[in-house]
Each structure stands twice: as C-alpha cells, then as structure tokens.
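Heads up: the structure comes next, in structure tokens.
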Amino acid sequence: MADSSGHNSSDLSLDREFFDLLVGSYARIVGMALVDQEYGPEWLYQDAPFVVVAHNTDPDPRFVYANRAGQACFEYPWDEFVTLPSRLSAELPNRAERQQLLDAVTRNGFIADYRGLRIAKSGRRFWIEDGIVWQLIDRDGHRRGQAATFSRWRDA
C-alpha cells in the first residue's frame with residue numbers, strides 16, 4: 001500500500017530513498033546534519049540513540065516511519081506505528097497545541113527546542129525535550145510530510 005509520499009510504508013524502515021529524504025531535507029531546512037554521512041538507513045533505523053518519526057501528507061496524517069528508538073519511546077511496533085494517525089501521539093487536550101506546532105513547521109520549515117507532552121500506547125505520558133520538527137521536502141520542492149527527532153524525553 002503506497003502512502004501519499006509515493007512510498008510503500010512497509011518498506012520505509014530501511015529504504016535508502018526515504019533515508020535520503022529525511023537527512024537531505026533536515027540538512028537543507030535545519031542547516032545541520034541529522035546523521036554523519038557514513039551512517040545509512042540501517043543505522044538510523046536500528047541503532048540511532050535518538051528518536052526519528054515521520055508522518056505523511058494525508059488530511060489526517062499517518063505515521064510512515066519510526067526508528068527503533070521511536071518505537072520503544074511510543075511503545076508501538078513498526079506494523080502498528082505506520083498505521084497510526086499521528087494526532088494520536090498526543091492526548092485529546094494536547095492536540096490543539098500539537099496542531100499549532102505542525103502549522104508553525106509548515107510556515108517556517110522547522111521548529112527547534114520543541115517541548116511537548118505525548119502519550120505512549122500503554123497510556124504512559126511523557127515529555128519530549130529539545131525536539132526538532134521539520135518539513136520533509138524533496139529535492140524537487142514537493143512536500144512529503146513532516147518529521148521529528150529528539151534524544152531527550154522523560155515521563156510526565
């Protein structure tokens with residue numbers, strides 16, 4: 001099943017083209033490297049000590065990527081994560097704040113030093129600390145979604 005970015009979501013965990021979209025758009029928009037060049041999609045997905053998640057451009061955006069650190073943080077395995085509407089990563093009272101963040105990212109390209117309350121599958125609430133959320137824009141200028149990375153979180 002292809003998502004709105006034209007990718008098969010079941011293949012994105014180790015997909016080189018999607019990895020290039022993540023790291024390339026991060027470098028172009030945020031102005032620094034998400035990972036060093038010698039690292040590839042396998043390292044980012046399996047071994048990165050920080051969370052990377054991404055959602056598509058559907059009207060109700062759905063996660064299309066979560067590395068292993070992201071899956072552990074949010075407590076969803078890959079197959080469940082990539083079917084989850086991204087709004088469900090926040091509790092209902094916090095969804096308006098989350099939407100304001102995503103709107104600001106759309107306007108500005110990225111937001112740094114993000115702090116937000118999220119919810120894991122078990123119901124555990126946690127704070128994202130020092131997050132960066134950015135637009136996934138390919139080399140042709142097409143918007144493919146949004147992504148977030150963070151290396152610090154703590155239970156609420």
Under 4.5 Å between any side-chain heavy atoms of [X] and [Y], yes or no?
{"X": "Ser86", "Y": "Arg98", "answer": "yes"}
{"X": "Arg144", "Y": "Leu21", "answer": "yes"}
{"X": "Phe74", "Y": "Leu84", "answer": "no"}

Does [X] use its side chain to pair, donor to acceptor, with the backbone of [Y] at less than 3.5 Å?
{"X": "Gln135", "Y": "Gly109", "result": "no"}
{"X": "Thr149", "Y": "Val51", "result": "yes"}
{"X": "Arg28", "Y": "Ile137", "result": "yes"}
{"X": "Asn56", "Y": "Arg62", "result": "yes"}

* **Output field: ring centroids Tyr65/Phe18 closer than 6.0 Å** => yes
* Parallel under 30°, tilted from 30 to 60°, perpendicular over 60°: which one fits the rings of Phe63 and His55? -> tilted
* Asked: Between Asp60 and Arg87, is there a side-chain N and carboxylate O pair less than 4.0 Å apart?
  -> yes
* Asked: Taking 4.0 angstrom as the limit, do Asp155 and Arg124 come out as a salt bridge?
  -> yes
* Do the numbers put Arg115 on top of the ring of Trp127, so that NZ or CZ is under 6.0 Å from the six-membered ring centre and no more than 45° off the axis? -> yes
* Member of Val52, Leu12, Leu14, Val35 meeting the side chain to side chain contact (heavy atoms under 4.5 Å, CB included) criterion with Phe19 -> Val35
* To do: Assess whether salt bridge (Lys or Arg N to Asp or Glu O under 4.0 Å) is satisfied between Asp103 and Arg107, documenting all intermediate values.
  => CA-CA 6 Å; Asp103 292 345; Arg107 282 191 310 276; 5.4 Å; no
